[in-house]
Amino acid sequence: MTGRKQPRRRTGGGKGLLLVVALVLVAGLIKYADTPFFSTAREKAAAILAGAPGVDKVLAVFGGDDTVGAADDARQDSVYAASSGGADDVIGREKTLFPDTVDETVHPMDFAFVLPTEGTLTSDFGSRLSPTTGQPGFHYGLDIAAEEGEVIGAFADGTVREVGQSDYGNYLIVDHVDGFSTLYAHCSSISAAVGDTVSCGAEIARVGQTGNATGPHLHFEIWKDGAALNPSDYLTDL
């Protein structure tokens, strides 16, 4: 008489547990580590986590379900960072005249406007990892890669409000009608002065890589009544 076969023990649980532990440790590294070594590794770790099974449950432990989207953004934004360069957000942006709020409304522009410079879009408006620090942040404009010294034209008729230097390098701000303003950053040189009246498309600066930049490009922002707008809603030909 033969005995009953003993049920086969499953051996995959241990590996699964090890995977979960590893994911938890990496998730913690991504969210909390602040050393130069971990900052450099942050983008690679986020990209790996973005494709791992069950990562949503693991990352939720460290800050909610939104961290899953952040990991996906990290994988995409690492492509932007590897292109011709991007701009960091202004440090202490809320302490400056730069907007620290976003208006998702697409406001009608009842005036002529143009693309400020010809080039290639390398980083879009929205959440991303900084290409220079690896830290998550919000990108308030578009990065348009172009040759060093390429002409930057005024987005529309307006008056130059401010010319200065910051983490955005050499920058200028132009006020337009109806509460609109535009920012042009990382310029190699600026040919307009505060108080100048500029015409749509007229040269106001040249493309550069001053300030926190990893390559020659124009960082361009559009504001409305003190809030940042998504320039892609208006520059549809990029």
Measure the shortest side-chain to side-chain distance between C187 and I152 over non-hydrogen atoms and say whether it is less than 4.5 angstrom.
yes
Considering all heavy atoms of both residues, which atom of V198 and which atom of A154 are nearest to each other, and what is their separation?
CG2-CB, 3.9 Å
Please determine, by modelled atom types, if H217 and T122 share a side-chain donor-acceptor pair under 3.5 angstrom.
no
Go through it in stages, so that I can follow the logic: the residues are Y234 and T236, the test is side-chain contact (heavy atoms from CB on, under 4.5 Å), and I'd like the CA-CA distance, side-chain angles, deciding distance and then a yes or no.
CA-CA 6 Å; Y234 305 92; T236 55; over 6 Å; no
Can you check whether D196 reaches T159 side chain to side chain, under 4.5 Å on heavy atoms?
no
Trace of the side-chain contact (heavy atoms from CB on, under 4.5 Å) decision for V151 with T117:
CA-CA 6 Å; V151 171; T117 194; 5.9 Å; no
Non-hydrogen atoms of V160 and A193 that approach each other most closely
CB-O, 3.3 Å
How about CD on E118, more than 12 heavy atoms from neighbouring residues, nucleotides or ligands closer than 6.0 Å, or not?
no
Indicate yes or no: at least one non-hydrogen side-chain atom of I173 is less than 4.5 angstrom from one of W223.
yes
By side chain to side chain donor-acceptor pair (under 3.5 Å), which residues pair with Q209, not counting sequence neighbours?
E148
Do S181 and D175 pair up side chain to side chain, a donor and an acceptor below 3.5 Å, judged on atom types alone?
yes
Are any of the side-chain heavy atoms of T120 and I144 separated by less than 4.5 Å?
no
Does I204 reach the side chain of Y184, with side-chain heavy atoms less than 4.5 Å apart?
yes
Do F155 and F180 have ring centroids that are under 6.0 Å from one another?
no
Is the distance between the ring centroids of F220 and F125 under 6.0 Å?
no
Taking the side chain as every heavy atom from C-beta outward, state whether L121 and D143 have any atom pair closer than 4.5 Å.
no
Would you check if there is a donor-acceptor pair between the side chains of E162 and Y171 at a distance under 3.5 Å?
yes
Answer whether the closest heavy-atom distance between the side chains of R206 and E150 falls below 4.5 Å.
no
Do L142 and D124 have side chains that get closer than 4.5 Å, going by heavy atoms?
yes
Would you sort out whether F113 and D157 count as a side-chain contact (heavy atoms from CB on, under 4.5 Å), showing the intermediate values?
CA-CA 8 Å; F113 57 88; D157 292 349; over 6 Å; no
What are the two closest non-hydrogen atoms of A192 and V163, and how far apart are they?
O-CG2, 3.8 Å
Indicate if V114 and V174 have the same hydrophobic cluster label, given that clusters are the connected sets of ILVMFWY residues with side-chain heavy-atom separations under 4.5 angstrom.
no
How many angstroms lie between atom CG of N212 and atom OG of S166, to the nearest 0.5 angstrom?
8.5 Å
Tell me, with the steps shown, if H219 and Y168 meet ring-ring contact (aromatic ring centres under 6.0 Å, His included).
CA-CA 8 Å; H219 173 80; Y168 273 0; 4.6 Å; yes
To the nearest 0.5 Å, what is the distance between CG on N170 and CD1 on I190?
5.0 Å
Among pairs that include at least one residue of residues 102-113, which meet side-chain hydrogen bond (donor to acceptor under 3.5 Å, both in side chains), considering only residues two or more places apart or in two chains?
D103-T105, D103-H107
Rounding to 0.5 Å, atoms CZ (R161) and OG1 (T182) come to a distance of 9.5 Å
